[in-house]
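One structure is given here, and the rest of the page talks about it.
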Amino acid sequence: MLDPQLLRNDLDAVAEKLLVKGYQLDKKQFLDLEAQRKTLQVQVEDLRSQRNKASRKIGQTKAAGEDIQPLLDAVASLGDELKESEQSLISLQEKLNDLLAGIPNIPHESVPAGNDESDNIELRRWGQPGTFDFEPKDHVDLGAALGMDFEVAAKLTGSRYVVMQGALASMHRALTQFMLDTHSRQNGYTESYVPYIVNADSLLGTGQLPKFEEDLFKLNTEHDNYLIPTAEVPVTNILRDEIISADLLPFKRVAHTPCFRSEAGSYGRDTRGMIRQHQFEKVELVQAVRAEESWQALDELTGHAEGILQALNLPYRVVNLCGGDLGFGAAKTHDLEVWLPGQQAYREISSCTNFESFQARRMQARWRNPETGKPELLHTINGSGLAVGRTLVAVMENYQQQDGSIVVPDVLRTYMGGLEKIKA
RNA sequence: GGAGAGGUGGCAGAGCGGUUGAAUGCACUGGUCUUGAAAACCAGCAUAGGUUAGUAGCCUAUCCAGGGUUCGAAUCCCUGCCUCUCCGCCA
(Lines give C-alpha, C1' and ligand atoms only; values in the text may rest on other atoms or scores of the structure.)
Protein backbone atom coordinates (compact mmCIF):
# COMPACT_ATOMS: atom_id res chain seq x y z
CA MET A 1 0.00 0.00 0.00
CA LEU A 2 1.19 3.46 -0.82
CA ASP A 3 1.27 6.29 1.69
CA PRO A 4 -2.14 8.01 1.47
CA GLN A 5 -0.42 11.30 2.34
CA LEU A 6 1.75 10.94 -0.70
CA LEU A 7 -1.29 10.52 -2.90
CA ARG A 8 -2.99 13.54 -1.39
CA ASN A 9 0.02 15.78 -1.68
CA ASP A 10 1.65 14.61 -4.87
CA LEU A 11 -0.99 12.86 -6.92
CA ASP A 12 0.30 13.90 -10.34
CA ALA A 13 3.85 12.78 -9.67
CA VAL A 14 2.64 9.42 -8.35
CA ALA A 15 0.39 8.89 -11.35
CA GLU A 16 3.27 9.61 -13.67
CA LYS A 17 5.64 7.17 -11.98
CA LEU A 18 3.01 4.44 -12.01
CA LEU A 19 2.85 4.69 -15.78
CA VAL A 20 6.25 3.00 -15.86
CA LYS A 21 4.45 -0.05 -14.49
CA GLY A 22 1.72 0.37 -17.05
CA TYR A 23 -0.77 1.37 -14.35
CA GLN A 24 -3.28 4.11 -15.03
CA LEU A 25 -4.18 5.83 -11.81
CA ASP A 26 -7.76 7.09 -11.73
CA LYS A 27 -6.97 10.51 -10.34
CA LYS A 28 -10.49 11.83 -10.55
CA GLN A 29 -11.93 8.93 -8.60
CA PHE A 30 -9.33 9.35 -5.92
CA LEU A 31 -9.86 13.09 -5.59
CA ASP A 32 -13.64 12.66 -5.45
CA LEU A 33 -13.52 10.00 -2.79
CA GLU A 34 -10.91 11.89 -0.84
CA ALA A 35 -13.00 15.06 -0.84
CA GLN A 36 -16.04 13.15 0.40
CA ARG A 37 -13.96 11.42 3.02
CA LYS A 38 -12.74 14.71 4.37
CA THR A 39 -16.22 16.19 4.76
CA LEU A 40 -17.69 13.06 6.25
CA GLN A 41 -14.88 12.39 8.64
CA VAL A 42 -14.94 15.90 10.04
CA GLN A 43 -18.71 15.61 10.39
CA VAL A 44 -18.55 12.29 12.22
CA GLU A 45 -15.82 13.39 14.56
CA ASP A 46 -17.66 16.58 15.32
CA LEU A 47 -20.83 14.70 16.18
CA ARG A 48 -18.89 12.34 18.39
CA SER A 49 -17.32 15.25 20.13
CA GLN A 50 -20.75 16.76 20.81
CA ARG A 51 -22.02 13.47 22.15
CA ASN A 52 -19.01 12.97 24.39
CA LYS A 53 -19.40 16.43 25.84
CA ALA A 54 -23.09 15.90 26.47
CA SER A 55 -22.53 12.52 28.10
CA ARG A 56 -19.94 13.95 30.38
CA LYS A 57 -22.32 16.70 31.37
CA ILE A 58 -25.02 14.15 32.13
CA GLY A 59 -22.66 12.28 34.37
CA GLN A 60 -21.73 15.41 36.28
CA THR A 61 -25.30 16.56 36.61
CA LYS A 62 -26.39 13.19 37.87
CA ALA A 63 -23.56 13.13 40.39
CA ALA A 64 -24.69 16.53 41.61
CA GLY A 65 -28.14 15.08 42.16
CA GLU A 66 -29.89 17.27 39.62
CA ASP A 67 -32.47 16.35 37.01
CA ILE A 68 -30.89 14.94 33.85
CA GLN A 69 -34.03 14.51 31.80
CA PRO A 70 -33.68 17.82 29.90
CA LEU A 71 -30.16 16.86 28.94
CA LEU A 72 -31.29 13.43 27.76
CA ASP A 73 -33.94 15.04 25.59
CA ALA A 74 -31.34 17.34 24.11
CA VAL A 75 -29.14 14.47 22.83
CA ALA A 76 -31.99 12.21 21.79
CA SER A 77 -31.61 12.81 18.07
CA LEU A 78 -27.82 12.89 18.15
CA GLY A 79 -27.45 9.12 18.24
CA ASP A 80 -29.34 8.47 15.02
CA GLU A 81 -27.60 11.28 13.23
CA LEU A 82 -24.23 9.97 14.33
CA LYS A 83 -25.02 6.39 13.36
CA GLU A 84 -26.10 7.49 9.91
CA SER A 85 -22.95 9.54 9.32
CA GLU A 86 -20.77 6.75 10.61
CA GLN A 87 -22.33 4.30 8.19
CA SER A 88 -21.65 6.59 5.25
CA LEU A 89 -18.10 7.12 6.41
CA ILE A 90 -17.47 3.40 6.75
CA SER A 91 -18.76 2.57 3.30
CA LEU A 92 -16.77 5.44 1.83
CA GLN A 93 -13.61 4.31 3.56
CA GLU A 94 -14.11 0.84 2.18
CA LYS A 95 -14.24 2.25 -1.31
CA LEU A 96 -11.17 4.35 -0.68
CA ASN A 97 -9.34 1.37 0.78
CA ASP A 98 -10.20 -0.82 -2.18
CA LEU A 99 -8.84 1.82 -4.47
CA LEU A 100 -5.71 2.26 -2.38
CA ALA A 101 -5.08 -1.46 -1.99
CA GLY A 102 -5.30 -1.89 -5.73
CA ILE A 103 -2.58 0.64 -6.51
CA PRO A 104 0.81 -1.00 -7.12
CA ASN A 105 4.05 0.20 -5.61
CA ILE A 106 5.91 3.04 -7.27
CA PRO A 107 8.90 1.74 -9.23
CA HIS A 108 12.37 3.03 -8.38
CA GLU A 109 13.78 5.60 -10.78
CA SER A 110 16.31 3.07 -12.09
CA VAL A 111 13.53 0.78 -13.33
CA PRO A 112 13.38 0.81 -17.12
CA ALA A 113 10.09 1.36 -18.90
CA GLY A 114 8.73 -1.63 -20.77
CA ASN A 115 5.89 -4.07 -21.07
CA ASP A 116 7.35 -7.55 -20.66
CA GLU A 117 10.52 -9.52 -20.16
CA SER A 118 11.89 -8.52 -23.53
CA ASP A 119 12.33 -5.02 -22.14
CA ASN A 120 14.32 -6.15 -19.10
CA ILE A 121 17.88 -4.90 -18.94
CA GLU A 122 20.80 -7.23 -18.39
CA LEU A 123 23.08 -5.84 -15.70
CA ARG A 124 25.90 -8.38 -15.76
CA ARG A 125 26.89 -11.92 -16.60
CA TRP A 126 28.93 -14.38 -14.59
CA GLY A 127 30.61 -17.49 -15.99
CA GLN A 128 30.69 -18.92 -19.47
CA PRO A 129 28.02 -21.29 -20.73
CA GLY A 130 29.89 -24.58 -21.04
CA THR A 131 30.60 -26.15 -24.37
CA PHE A 132 29.72 -29.76 -24.93
CA ASP A 133 31.21 -32.05 -27.55
CA PHE A 134 27.86 -33.78 -27.65
CA GLU A 135 24.25 -32.62 -27.79
CA PRO A 136 23.36 -31.62 -24.19
CA LYS A 137 20.10 -33.06 -22.93
CA ASP A 138 17.55 -31.29 -20.78
CA HIS A 139 16.88 -32.39 -17.23
CA VAL A 140 13.80 -34.40 -18.17
CA ASP A 141 15.74 -36.66 -20.51
CA LEU A 142 18.66 -36.85 -18.12
CA GLY A 143 16.43 -37.50 -15.14
CA ALA A 144 14.47 -40.30 -16.73
CA ALA A 145 17.33 -42.69 -16.16
CA LEU A 146 18.34 -41.26 -12.78
CA GLY A 147 15.15 -41.43 -10.73
CA MET A 148 13.18 -38.35 -11.73
CA ASP A 149 9.64 -39.46 -12.49
CA PHE A 150 6.79 -37.25 -13.62
CA GLU A 151 4.46 -40.08 -14.54
CA VAL A 152 4.32 -41.57 -11.09
CA ALA A 153 3.75 -38.09 -9.70
CA ALA A 154 0.86 -37.68 -12.11
CA LYS A 155 -0.60 -40.91 -10.81
CA LEU A 156 -0.21 -39.82 -7.21
CA THR A 157 -1.48 -36.31 -7.64
CA GLY A 158 -1.65 -34.85 -11.13
CA SER A 159 0.36 -32.79 -13.53
CA ARG A 160 3.10 -30.42 -12.41
CA TYR A 161 4.40 -32.61 -9.61
CA VAL A 162 7.51 -34.76 -9.46
CA VAL A 163 8.79 -37.83 -7.70
CA MET A 164 12.56 -38.16 -7.25
CA GLN A 165 14.30 -41.22 -5.93
CA GLY A 166 17.87 -42.11 -5.13
CA ALA A 167 20.82 -39.81 -5.64
CA LEU A 168 18.80 -37.07 -7.33
CA ALA A 169 16.53 -36.78 -4.30
CA SER A 170 19.64 -36.76 -2.21
CA MET A 171 21.22 -33.98 -4.28
CA HIS A 172 18.02 -32.00 -3.99
CA ARG A 173 18.38 -32.19 -0.24
CA ALA A 174 22.11 -31.48 -0.41
CA LEU A 175 21.42 -28.27 -2.31
CA THR A 176 18.98 -27.17 0.36
CA GLN A 177 21.46 -27.89 3.12
CA PHE A 178 24.25 -26.13 1.32
CA MET A 179 22.18 -23.02 0.77
CA LEU A 180 20.92 -22.88 4.36
CA ASP A 181 24.40 -23.38 5.74
CA THR A 182 25.94 -20.74 3.50
CA HIS A 183 23.38 -18.08 4.31
CA SER A 184 23.22 -18.77 8.02
CA ARG A 185 26.95 -19.31 8.62
CA GLN A 186 28.53 -16.92 6.15
CA ASN A 187 25.96 -14.30 5.24
CA GLY A 188 24.54 -13.45 8.63
CA TYR A 189 20.98 -14.74 8.29
CA THR A 190 19.18 -16.38 11.18
CA GLU A 191 17.80 -19.74 10.14
CA SER A 192 14.06 -19.93 10.68
CA TYR A 193 11.46 -22.65 10.70
CA VAL A 194 7.97 -21.39 9.94
CA PRO A 195 4.45 -22.70 9.27
CA TYR A 196 3.63 -23.78 5.72
CA ILE A 197 0.02 -22.78 6.27
CA VAL A 198 -0.92 -19.18 6.93
CA ASN A 199 -4.03 -17.12 7.48
CA ALA A 200 -5.49 -14.46 5.22
CA ASP A 201 -4.07 -11.60 7.28
CA SER A 202 -0.55 -12.76 6.54
CA LEU A 203 -1.23 -12.96 2.82
CA LEU A 204 -2.74 -9.50 2.93
CA GLY A 205 0.39 -8.28 4.67
CA THR A 206 2.77 -9.38 1.97
CA GLY A 207 0.36 -8.52 -0.85
CA GLN A 208 -0.69 -11.90 -2.27
CA LEU A 209 -4.23 -11.04 -1.21
CA PRO A 210 -6.64 -9.62 -2.11
CA LYS A 211 -5.60 -9.46 -5.75
CA PHE A 212 -3.96 -12.81 -6.39
CA GLU A 213 -6.06 -15.40 -4.64
CA GLU A 214 -6.30 -17.57 -7.74
CA ASP A 215 -2.55 -18.25 -7.52
CA LEU A 216 -2.94 -19.81 -4.08
CA PHE A 217 -4.07 -23.13 -2.69
CA LYS A 218 -6.84 -22.45 -0.23
CA LEU A 219 -7.50 -25.08 2.38
CA ASN A 220 -10.90 -26.47 3.04
CA THR A 221 -10.82 -25.59 6.74
CA GLU A 222 -13.27 -23.51 8.71
CA HIS A 223 -10.65 -20.76 8.86
CA ASP A 224 -9.25 -18.86 5.91
CA ASN A 225 -6.05 -20.86 5.64
CA TYR A 226 -3.77 -21.16 2.65
CA LEU A 227 -0.66 -23.09 1.72
CA ILE A 228 2.24 -20.67 1.45
CA PRO A 229 3.33 -19.70 -2.07
CA THR A 230 6.72 -18.66 -0.67
CA ALA A 231 8.45 -18.45 2.70
CA GLU A 232 8.36 -14.69 2.23
CA VAL A 233 4.82 -14.77 3.62
CA PRO A 234 5.38 -16.38 7.03
CA VAL A 235 8.87 -14.94 7.51
CA THR A 236 8.01 -11.33 6.69
CA ASN A 237 4.79 -11.50 8.69
CA ILE A 238 6.82 -12.23 11.80
CA LEU A 239 7.11 -8.46 11.89
CA ARG A 240 3.42 -7.72 11.31
CA ASP A 241 2.00 -5.36 13.93
CA GLU A 242 5.33 -5.14 15.68
CA ILE A 243 7.50 -2.22 16.65
CA ILE A 244 10.97 -3.67 17.03
CA SER A 245 13.90 -2.00 18.69
CA ALA A 246 16.69 -0.55 16.59
CA ASP A 247 19.33 -2.98 17.85
CA LEU A 248 17.45 -5.89 16.25
CA LEU A 249 18.17 -4.37 12.83
CA PRO A 250 18.99 -5.43 10.26
CA PHE A 251 16.46 -8.25 10.53
CA LYS A 252 17.87 -11.07 8.37
CA ARG A 253 16.19 -14.44 8.10
CA VAL A 254 16.70 -17.49 5.92
CA ALA A 255 14.08 -20.20 5.70
CA HIS A 256 13.71 -23.35 3.68
CA THR A 257 10.11 -24.25 2.90
CA PRO A 258 8.06 -25.97 0.29
CA CYS A 259 6.07 -23.52 -1.83
CA PHE A 260 2.66 -24.17 -3.30
CA ARG A 261 1.31 -22.37 -6.33
CA SER A 262 -1.76 -23.16 -8.32
CA GLU A 263 -0.14 -21.72 -11.45
CA ALA A 264 -3.53 -20.64 -12.71
CA GLY A 265 -3.13 -18.79 -15.97
CA SER A 266 0.11 -20.50 -16.94
CA TYR A 267 -1.37 -23.67 -18.39
CA GLY A 268 0.66 -23.67 -21.55
CA ARG A 269 3.95 -22.53 -20.07
CA ASP A 270 6.83 -24.76 -19.02
CA THR A 271 4.68 -27.85 -18.89
CA ARG A 272 7.74 -30.00 -19.45
CA GLY A 273 9.90 -30.91 -16.50
CA MET A 274 10.19 -29.33 -13.10
CA ILE A 275 10.65 -25.69 -14.03
CA ARG A 276 7.10 -24.81 -13.06
CA GLN A 277 5.53 -27.04 -10.43
CA HIS A 278 2.62 -26.76 -8.05
CA GLN A 279 4.94 -27.78 -5.23
CA PHE A 280 8.60 -26.87 -5.02
CA GLU A 281 11.28 -26.15 -2.46
CA LYS A 282 12.88 -22.81 -1.94
CA VAL A 283 15.43 -21.28 0.36
CA GLU A 284 14.26 -17.74 0.94
CA LEU A 285 16.18 -14.72 2.16
CA VAL A 286 14.30 -11.94 3.93
CA GLN A 287 15.63 -8.68 5.26
CA ALA A 288 13.92 -5.82 7.04
CA VAL A 289 15.99 -2.69 7.43
CA ARG A 290 15.67 1.01 8.09
CA ALA A 291 14.55 3.03 5.10
CA GLU A 292 17.89 4.56 4.16
CA GLU A 293 19.56 1.16 3.99
CA SER A 294 17.18 -0.75 1.75
CA TRP A 295 18.87 -0.16 -1.58
CA GLN A 296 22.18 -1.29 -0.23
CA ALA A 297 20.41 -4.29 1.30
CA LEU A 298 18.93 -5.23 -2.07
CA ASP A 299 22.39 -5.31 -3.62
CA GLU A 300 23.75 -7.27 -0.69
CA LEU A 301 20.95 -9.82 -0.79
CA THR A 302 21.28 -10.20 -4.55
CA GLY A 303 24.96 -10.88 -3.98
CA HIS A 304 24.15 -13.58 -1.44
CA ALA A 305 21.93 -15.35 -3.95
CA GLU A 306 24.62 -14.98 -6.62
CA GLY A 307 27.14 -16.50 -4.23
CA ILE A 308 25.28 -19.82 -4.35
CA LEU A 309 25.38 -19.91 -8.14
CA GLN A 310 29.05 -19.03 -8.09
CA ALA A 311 29.86 -21.72 -5.55
CA LEU A 312 28.09 -24.20 -7.80
CA ASN A 313 29.92 -22.73 -10.78
CA LEU A 314 26.69 -22.19 -12.69
CA PRO A 315 26.74 -19.46 -15.36
CA TYR A 316 24.09 -16.80 -14.85
CA ARG A 317 23.12 -13.26 -15.59
CA VAL A 318 21.47 -10.56 -13.54
CA VAL A 319 18.54 -8.70 -15.01
CA ASN A 320 16.87 -5.46 -13.95
CA LEU A 321 13.15 -6.00 -14.45
CA CYS A 322 11.31 -3.41 -16.47
CA GLY A 323 8.19 -1.71 -15.16
CA GLY A 324 5.75 -4.01 -16.90
CA ASP A 325 7.45 -7.16 -15.58
CA LEU A 326 7.69 -5.89 -12.03
CA GLY A 327 5.52 -7.42 -9.33
CA PHE A 328 2.64 -5.57 -7.73
CA GLY A 329 4.45 -4.57 -4.56
CA ALA A 330 7.96 -4.27 -5.96
CA ALA A 331 9.92 -1.04 -6.21
CA LYS A 332 12.73 -2.83 -8.01
CA THR A 333 13.62 -6.42 -8.76
CA HIS A 334 16.85 -8.14 -9.76
CA ASP A 335 16.20 -11.46 -11.42
CA LEU A 336 18.97 -14.04 -11.45
CA GLU A 337 18.79 -16.21 -14.54
CA VAL A 338 20.81 -19.39 -14.71
CA TRP A 339 22.07 -20.91 -17.94
CA LEU A 340 20.29 -24.10 -18.93
CA PRO A 341 22.18 -25.96 -21.70
CA GLY A 342 19.14 -28.16 -22.36
CA GLN A 343 17.09 -25.11 -23.27
CA GLN A 344 20.01 -23.02 -24.54
CA ALA A 345 18.56 -20.18 -22.50
CA TYR A 346 18.87 -18.24 -19.26
CA ARG A 347 16.00 -19.07 -16.94
CA GLU A 348 14.89 -17.33 -13.76
CA ILE A 349 16.19 -18.96 -10.59
CA SER A 350 15.90 -16.12 -8.11
CA SER A 351 14.01 -12.89 -7.83
CA CYS A 352 15.38 -10.29 -5.43
CA THR A 353 13.08 -7.42 -4.62
CA ASN A 354 13.04 -4.25 -2.59
CA PHE A 355 9.48 -3.44 -1.53
CA GLU A 356 10.51 -0.31 0.36
CA SER A 357 7.67 0.43 2.81
CA PHE A 358 4.93 -1.07 0.62
CA GLN A 359 4.58 -4.34 2.54
CA ALA A 360 5.52 -2.79 5.87
CA ARG A 361 2.72 -0.24 5.64
CA ARG A 362 0.16 -2.96 4.98
CA MET A 363 1.32 -5.03 7.89
CA GLN A 364 2.37 -2.15 10.15
CA ALA A 365 5.89 -3.51 10.55
CA ARG A 366 7.91 -0.84 12.28
CA TRP A 367 11.00 -0.09 14.30
CA ARG A 368 11.56 2.58 16.89
CA ASN A 369 14.06 5.21 15.93
CA PRO A 370 15.97 6.02 19.12
CA GLU A 371 16.89 9.46 17.79
CA THR A 372 13.28 10.56 17.52
CA GLY A 373 11.67 8.03 19.81
CA LYS A 374 9.09 7.50 17.08
CA PRO A 375 8.14 4.32 15.21
CA GLU A 376 9.07 4.23 11.54
CA LEU A 377 8.07 1.82 8.83
CA LEU A 378 10.64 -0.80 7.94
CA HIS A 379 11.72 -1.51 4.41
CA THR A 380 11.46 -5.15 3.35
CA ILE A 381 13.68 -6.96 0.87
CA ASN A 382 13.51 -10.57 -0.12
CA GLY A 383 14.80 -12.99 -2.69
CA SER A 384 15.28 -16.65 -3.37
CA GLY A 385 18.61 -17.99 -2.41
CA LEU A 386 17.75 -20.11 -4.40
CA ALA A 387 14.80 -21.99 -5.83
CA VAL A 388 15.98 -25.52 -5.05
CA GLY A 389 14.19 -27.42 -7.83
CA ARG A 390 15.42 -25.11 -10.51
CA THR A 391 18.91 -25.25 -9.06
CA LEU A 392 18.80 -29.02 -9.30
CA VAL A 393 17.75 -28.68 -12.93
CA ALA A 394 20.64 -26.30 -13.56
CA VAL A 395 23.18 -28.60 -11.92
CA MET A 396 21.91 -31.59 -13.87
CA GLU A 397 22.07 -29.82 -17.20
CA ASN A 398 25.37 -28.02 -16.65
CA TYR A 399 27.19 -30.95 -15.07
CA GLN A 400 25.96 -33.65 -17.46
CA GLN A 401 28.32 -36.06 -19.17
CA GLN A 402 28.02 -37.72 -22.52
CA ASP A 403 26.99 -41.01 -20.91
CA GLY A 404 24.06 -39.32 -19.18
CA SER A 405 25.69 -39.23 -15.77
CA ILE A 406 25.98 -36.09 -13.68
CA VAL A 407 29.10 -34.95 -11.88
CA VAL A 408 28.36 -33.82 -8.34
CA PRO A 409 29.59 -30.24 -7.74
CA ASP A 410 32.44 -30.08 -5.23
CA VAL A 411 30.55 -28.11 -2.62
CA LEU A 412 27.78 -30.71 -2.48
CA ARG A 413 29.92 -33.80 -2.04
CA THR A 414 30.26 -33.57 1.72
CA TYR A 415 26.47 -33.45 1.90
CA MET A 416 26.20 -36.60 -0.22
CA GLY A 417 28.55 -38.96 1.50
CA GLY A 418 31.36 -38.09 -0.86
CA LEU A 419 29.48 -39.16 -3.97
CA GLU A 420 31.24 -37.82 -7.08
CA LYS A 421 28.92 -38.80 -9.84
CA ILE A 422 25.27 -39.69 -10.25
CA LYS A 423 24.75 -42.41 -12.78
CA ALA A 424 22.09 -44.86 -13.72
C1' G B 1 -12.45 -33.72 21.45
C1' G B 2 -14.40 -32.65 26.93
C1' A B 3 -14.14 -29.27 31.53
C1' G B 4 -12.51 -24.78 33.65
C1' A B 5 -9.71 -19.89 33.98
C1' G B 6 -8.17 -15.68 31.52
C1' G B 7 -6.85 -11.76 27.65
C1' U B 8 -5.72 -3.88 30.22
C1' G B 9 0.14 0.57 28.22
C1' G B 10 7.56 -2.00 26.98
C1' C B 11 6.76 -5.45 31.44
C1' A B 12 4.00 -6.46 36.04
C1' G B 13 -0.64 -5.19 37.74
C1' A B 14 -5.39 -2.00 39.63
C1' G B 15 -9.81 -0.52 37.72
C1' C B 16 -18.47 0.79 41.68
C1' G B 17 -21.52 1.86 33.66
C1' G B 18 -20.04 8.52 34.34
C1' U B 19 -14.61 14.49 33.69
C1' U B 20 -10.35 6.88 32.95
C1' G B 21 -6.04 7.22 27.69
C1' A B 22 -6.60 4.47 31.95
C1' A B 23 -4.12 4.01 39.43
C1' U B 24 0.43 1.89 41.19
C1' G B 25 5.24 -0.45 40.59
C1' C B 26 9.32 -1.62 37.28
C1' A B 27 11.87 -0.19 32.90
C1' C B 28 13.11 4.11 29.95
C1' U B 29 14.23 9.73 29.07
C1' G B 30 15.41 14.67 31.04
C1' G B 31 16.48 17.57 35.44
C1' U B 32 18.04 18.63 40.76
C1' C B 33 21.73 16.79 44.07
C1' U B 34 27.01 14.54 43.57
C1' U B 35 34.11 15.01 41.94
C1' G B 36 31.52 10.88 39.27
C1' A B 37 27.99 7.07 40.01
C1' A B 38 24.17 5.06 43.04
C1' A B 39 20.20 6.51 46.12
C1' A B 40 16.61 10.23 46.82
C1' C B 41 13.51 13.93 44.75
C1' C B 42 11.02 16.50 40.43
C1' A B 43 9.22 16.07 35.50
C1' G B 44 8.26 13.34 31.12
C1' C B 45 7.11 8.71 28.86
C1' A B 46 1.29 4.72 23.96
C1' U B 47 -0.47 4.25 18.89
C1' A B 48 -3.25 5.72 14.78
C1' G B 49 -6.34 9.20 12.19
C1' G B 50 -8.35 14.15 11.21
C1' U B 51 -7.75 19.48 11.06
C1' U B 52 -3.50 22.73 10.10
C1' A B 53 1.89 25.93 7.02
C1' G B 54 2.92 23.09 11.35
C1' U B 55 6.96 17.55 14.93
C1' A B 56 2.03 23.83 18.07
C1' G B 57 -3.03 23.64 19.53
C1' C B 58 -7.68 21.29 19.03
C1' C B 59 -10.70 17.00 17.82
C1' U B 60 -11.57 11.55 17.08
C1' A B 61 -10.46 6.45 17.84
C1' U B 62 -7.97 2.50 20.44
C1' C B 63 -8.00 -1.52 27.38
C1' C B 64 -7.62 -9.20 22.02
C1' A B 65 -11.22 -8.67 17.55
C1' G B 66 -16.27 -7.95 15.70
C1' G B 67 -21.29 -6.97 16.95
C1' G B 68 -25.05 -5.30 20.73
C1' U B 69 -27.36 -2.58 25.18
C1' U B 70 -26.88 2.74 26.91
C1' C B 71 -27.15 9.78 26.78
C1' G B 72 -22.37 7.42 28.16
C1' A B 73 -18.73 0.83 27.97
C1' A B 74 -12.03 -1.24 29.88
C1' U B 75 -16.40 -2.16 33.04
C1' C B 76 -22.91 -5.33 31.00
C1' C B 77 -24.57 -9.02 26.81
C1' C B 78 -23.45 -12.10 22.25
C1' U B 79 -19.92 -14.17 18.68
C1' G B 80 -15.00 -15.16 17.21
C1' C B 81 -9.70 -15.57 18.06
C1' C B 82 -5.76 -16.55 21.29
C1' U B 83 -3.36 -18.14 25.98
C1' C B 84 -3.18 -21.16 30.44
C1' U B 85 -4.73 -25.60 33.64
C1' C B 86 -6.91 -30.56 33.90
C1' C B 87 -8.82 -34.97 31.16
C1' G B 88 -8.89 -37.72 26.46
C1' C B 89 -6.29 -38.75 21.83
C1' C B 90 -1.78 -38.57 19.14
C1' A B 91 3.58 -38.10 15.59
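Proteins come first, then strands; the chains are lettered A, B, ... in the order of their sequence lines, and each starts at number 1.
Note: A/Phe178 and A/Tyr415 have perpendicular aromatic rings, judged against thresholds of 30 and 60 degrees for the angle between ring planes. The aromatic rings of A/His304 and A/Tyr189 sit perpendicular to each other, their planes meeting at more than 60°, with 30° as the lower class boundary.
Comparing A/Lys374 and A/Ser49 by the nucleotide of RNA chain B that holds the closest heavy atom to each, the one mapping nearer the 5' end is A/Lys374.
Separation of the C1' atoms belonging to B/C16 and B/A23 is 15 Å when rounded to the nearest angstrom. Using atom C1' as the reference point in both B/U60 and B/A3, the two lie 43 Å apart (nearest Å). Taking atom C1' on both nucleotides, B/U19 is separated from B/G2 by 48 Å, rounded to a whole Å. Using atom C1' as the reference point in both B/G7 and B/A65, the two lie 11 Å apart (nearest Å). With C1' as the reference atom, B/U32 and B/G25 are 23 Å apart, rounded to whole Å. Across B/G54 and B/A46, the matching P atoms stand 23 Å from one another, rounded to whole Å. Nucleotides B/G67 and B/G31 are separated by 46 Å at their P atoms, to the nearest Å. Taking the C1' atom of each, B/U8 and B/U20 are spaced 12 Å apart, rounded to whole Å.
Protein chain A contacts RNA chain B from B/G18 to B/C81, reading 5' to 3' and using non-hydrogen atoms of the protein with a distance under 4.0 Å.
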Go through the steps for A/His139 and A/Glu397 under the test side-chain hydrogen bond (donor to acceptor under 3.5 Å, both in side chains), then give the verdict. CA-CA 6 Å; A/His139 69 281; A/Glu397 296 195 9; 3.2 Å; yes
Run the side-chain hydrogen bond (donor to acceptor under 3.5 Å, both in side chains) test on A/Thr61 and A/Glu66 for me, step by step, so that the C-alpha distance in whole Å, both residues' side-chain angles and the decisive distance to 0.1 Å come before the verdict. CA-CA 6 Å; A/Thr61 309; A/Glu66 294 167 28; 5.3 Å; no
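A/Asp32 and A/Gln36 share no donor-acceptor pair across their side chains, judged by distance under 3.5 Å alone. A donor-acceptor contact closer than 3.5 angstrom is absent between the side chains of A/Asp215 and A/Ser262. Side chains of A/Thr230 and A/Lys282: a donor on one and an acceptor on the other come within 3.5 Å. Judged by distance alone, the side chains of A/Ser202 and A/Asn199 do bring a donor and an acceptor atom under 3.5 Å apart. Of the N and O atoms on the side chains of A/Glu281 and A/His256, at least one donor lies less than 3.5 Å from an acceptor on the other residue.
Counting non-hydrogen atoms under 4.0 angstrom, A/Gln5 reaches the backbone sugars and phosphates but no base. Within 4.0 Å of A/Lys38, counting heavy atoms only, lie sugar-phosphate atoms of the nucleic acid but no base atom. Residue contacts for A/Asn52: at a heavy-atom cut-off of 4.0 Å it reaches the sugar-phosphate backbone alone, with no base atom in range. Here A/Gln41 lies in heavy-atom contact (under 4.0 Å) with sugar-phosphate atoms only.
Base pairing annotation: B/A5 forms a Watson-Crick or G-U wobble pair with B/U83, both donor-acceptor distances under 3.5 Å. Base pairing of B/U19 is not made with any nucleotide, judged by Watson-Crick or G-U wobble geometry with both donor-acceptor distances under 3.5 Å. B/U29: Watson-Crick or G-U partner is B/A43, with both key distances under 3.5 Å. Across all strands shown, B/A37 has no partner, as no Watson-Crick or G-U wobble contact with both distances under 3.5 Å is found. In this structure, B/U52 forms no base pair with any nucleotide, since neither Watson-Crick nor G-U wobble geometry is met with both distances under 3.5 Å. Pairing for B/G88 is absent, judged as Watson-Crick or G-U wobble with the two contacts each under 3.5 Å. Of all nucleotides present, none satisfies the Watson-Crick or G-U wobble test against B/U70 with each distance under 3.5 Å.
Here the CG atom belonging to A/Asp325 is positioned 9.0 Å from the OG1 atom belonging to A/Thr333, to the nearest 0.5 angstrom.
A heavy-atom distance below 4.0 Å to RNA chain B is reached by none of the residues of residues 91-99 of chain A.
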